[in-house]
Amino acid sequence: MSIQPDKNSRALFNSRIGAIAAAAGSAVGLGNIWRFPYEAGANGGGAFMLCYIAFIIILGIPVLCAEFIMGRATRSNEMRAFRKLAPGRPWFMTGYLGIAASLMILSFYSVVAGWTLDYFIGSLTGRLALDTPDDYHRTFVEFTSGNWVPLAATVIFLLVNMTVLLRGVTKGIEKLSKTLMPILFLLLLAFCVNSLTLPGAMEGLAFIFKPDFSMITPRVLLNAMGQAFFSLSLGLGCMMTYGSYFSADTRLGRTAAMTALLDTVVALLSAVIIFPAVFSFGMSPAEGPRLVFEVLPAIFHQLPLGGLLSTLFFFLLLLASITSTISMSEISISYMIEEKRMSRRKATLICTAIAITFGSLCSLSFGSLSHFTIAGLTVFDLFNYVSSNVLLPVGGLLISVFVGWKLSPDTIRAQLTGDGSYRFRAIRFIVFCLRWVAPACIGLVLLNSIGLI
Ligand code: TRP
């Protein structure tokens, strides 16, 4: 199937930069700045980093290309894309997996976005100007175990997300984020420089950049793979939907590589900020989801104009989060609109109601529900773990097998080379990874984690 010029009324991103900005807007978010450092910290630092980067290259970029190819070849959401390419076959069920995973992620992600909102307000009012790292630890634990404030913050965040989606001001948000994200980037760079001057910085750098190969365990592999999928927004058709909006002359391979590069750089910057500070302040790198919310405010506090920088930082992080939550909400919303013929309004309300329900449970799992566990995990941990470590890789596996084995090589070539109008040298590498590397890697890691091999 060659590249279809877009004849129907679906909106298109109209520039090359627009395509990259939208994909990067979805990819860059709390996954890079909050999730990556704490996962790396809890999984042996350097060992995790090495596996993560390897997975980005052999799984992330190929699956990103596969999603873009399916999206632009069909100009449809995930479910319809599978229906068009494999009519009458059960492949479209992958779409249900995507919807379930996106709602799960939206639920716990909004809790962390709610914390970000609270820390933004706290920085603005000076409430976060504390003294020792210990104070920051105590403040965070008190805040999240307090039930009501974090719950309200989660709900407020979801209502803001809903307003953006309802008003259709997504475009406005994207434009805003396109202009403000470079500031976030510069701010991260400045914080890096600062962290590197802290006493004990080298210990932090060694922790994250010197892999101890004996630390590469099956668990580390699973977590690194989950993080690679999570961070690139892969496995549930999110990037497929974005690919469906790309114009005919967007170069898919280049867009995929640029998105992966930007996303990885932001994650690396975040690690270079966090770990030197963790070691310098004598904290533990394996704190889990609390890590970043305890370390960052402590770093800001010892900077000149710390309150201002902290306010700006949490505001920009909030903006980066909303471009990500918009992309995950769109999965279920576009399903309800395009497949169930609902109005955008109704679809958005339903999606928000589900996220508020499950988001509340996730939020309370740091408070009253902290003793309510399933398989030893709280609701928040369960959603976080199952979606990233199981659902996204399974979705990615199905997409890889489909594009690698079922989709005609002509379609792949046409999509990646602009119908033969330019060369794309990595095409063999991409197809090889989709056919062999992704199914083997994902299969082995998943089977191993459930104890089958
Ligand atoms: N990648 C985003 C982040 O790093 C989160 C995200 C947005 C996502 N859309 C997604 C994760 C789709 C998985 C699937 O913050």
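For ligands, and for the atoms within them, numbers begin at 1 and follow the listed sequence.
The single protein non-hydrogen atom nearest to atom 3 (C) of ligand 1 is A27 O, 3.1 Å, given as residue, atom name and distance. For atom 15 (O) of ligand 1, the nearest protein heavy atom (residue, atom name, distance) is Y109 OH, 2.5 Å. Looking only at heavy atoms of the protein, atom 8 (C) of ligand 1 is closest to S233 OG, 3.6 Å.
Taking any N or O of L30, backbone or side chain, at least one lies under 3.5 Å from an N or O belonging to ligand 1. Residue-to-ligand polar distances place F230 within reach of ligand 1: an N/O pair is separated by less than 3.5 Å.
Within the 4.5 Å cutoff, the side chain of S363 has no heavy atoms near those of the F380 side chain.
Aromatic ring centroids of F36 and F230 lie 6.0 Å or more apart. Taking the six-membered ring for Trp, F293 and F140 have ring centres closer than 6.0 Å. Aromatic pair F314/W115: centroids not less than 6.0 angstrom apart.
With a 4.0 Å cut-off on non-hydrogen atoms, I105 touches ligand 1 through its side chain and not its backbone. With a 4.0 Å cut-off on non-hydrogen atoms, L392 touches ligand 1 through its side chain and not its backbone. For S327, every heavy-atom contact with ligand 1 shorter than 4.0 Å involves the side chain, none the backbone. Residue contacts with ligand 1 for L236 involve side-chain atoms from C-beta outward but no N, CA, C or O (heavy atoms, distance under 4.0 Å).
Heavy-atom contacts of C238 reach the following atoms of ligand 1: 9 (N), 12 (C) (cutoff under 4.0 Å). Near M328, meaning under 4.0 Å from one of its heavy atoms, ligand 1 places the atoms 5 (C), 6 (C), 7 (C). Taking a cut-off of under 4.0 Å to the non-hydrogen atoms of S324, the atoms of ligand 1 that pass are 2 (C), 7 (C), 9 (N), 15 (O). Heavy-atom contacts of S231 reach the following atoms of ligand 1: 1 (N), 4 (O) (cutoff under 4.0 Å). Taking every heavy atom of G31 and a limit of under 4.0 angstrom, the matching atoms of ligand 1 come to 3 (C), 4 (O), 15 (O).
Within 6.0 Å of CZ on F143 lie more than 12 heavy atoms contributed by other residues, nucleotides or ligands.
Taking the six-membered ring where the residue is Trp, F383 and F358 present tilted rings, their angle falling between 30° and 60°. Relative orientation of the F82 and W91 rings is parallel, given thresholds of 30° and 60° on the angle between their planes. Ring geometry, Y38 versus W34: the interplanar angle falls from 30° to 60°, so the pair is classed tilted.
Checking side-chain atoms of Y119 against main-chain N and O of P297 turns up no donor-acceptor pair under 3.5 Å.
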Passes side chain to side chain donor-acceptor pair (under 3.5 Å), T311 versus S123? Steps please. CA-CA 5 Å; T311 310; S123 312; 4.6 Å; no
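Between A267, A113, S387, S26, it is S26 that holds the heavy atom closest to atom 2 (C) of ligand 1.
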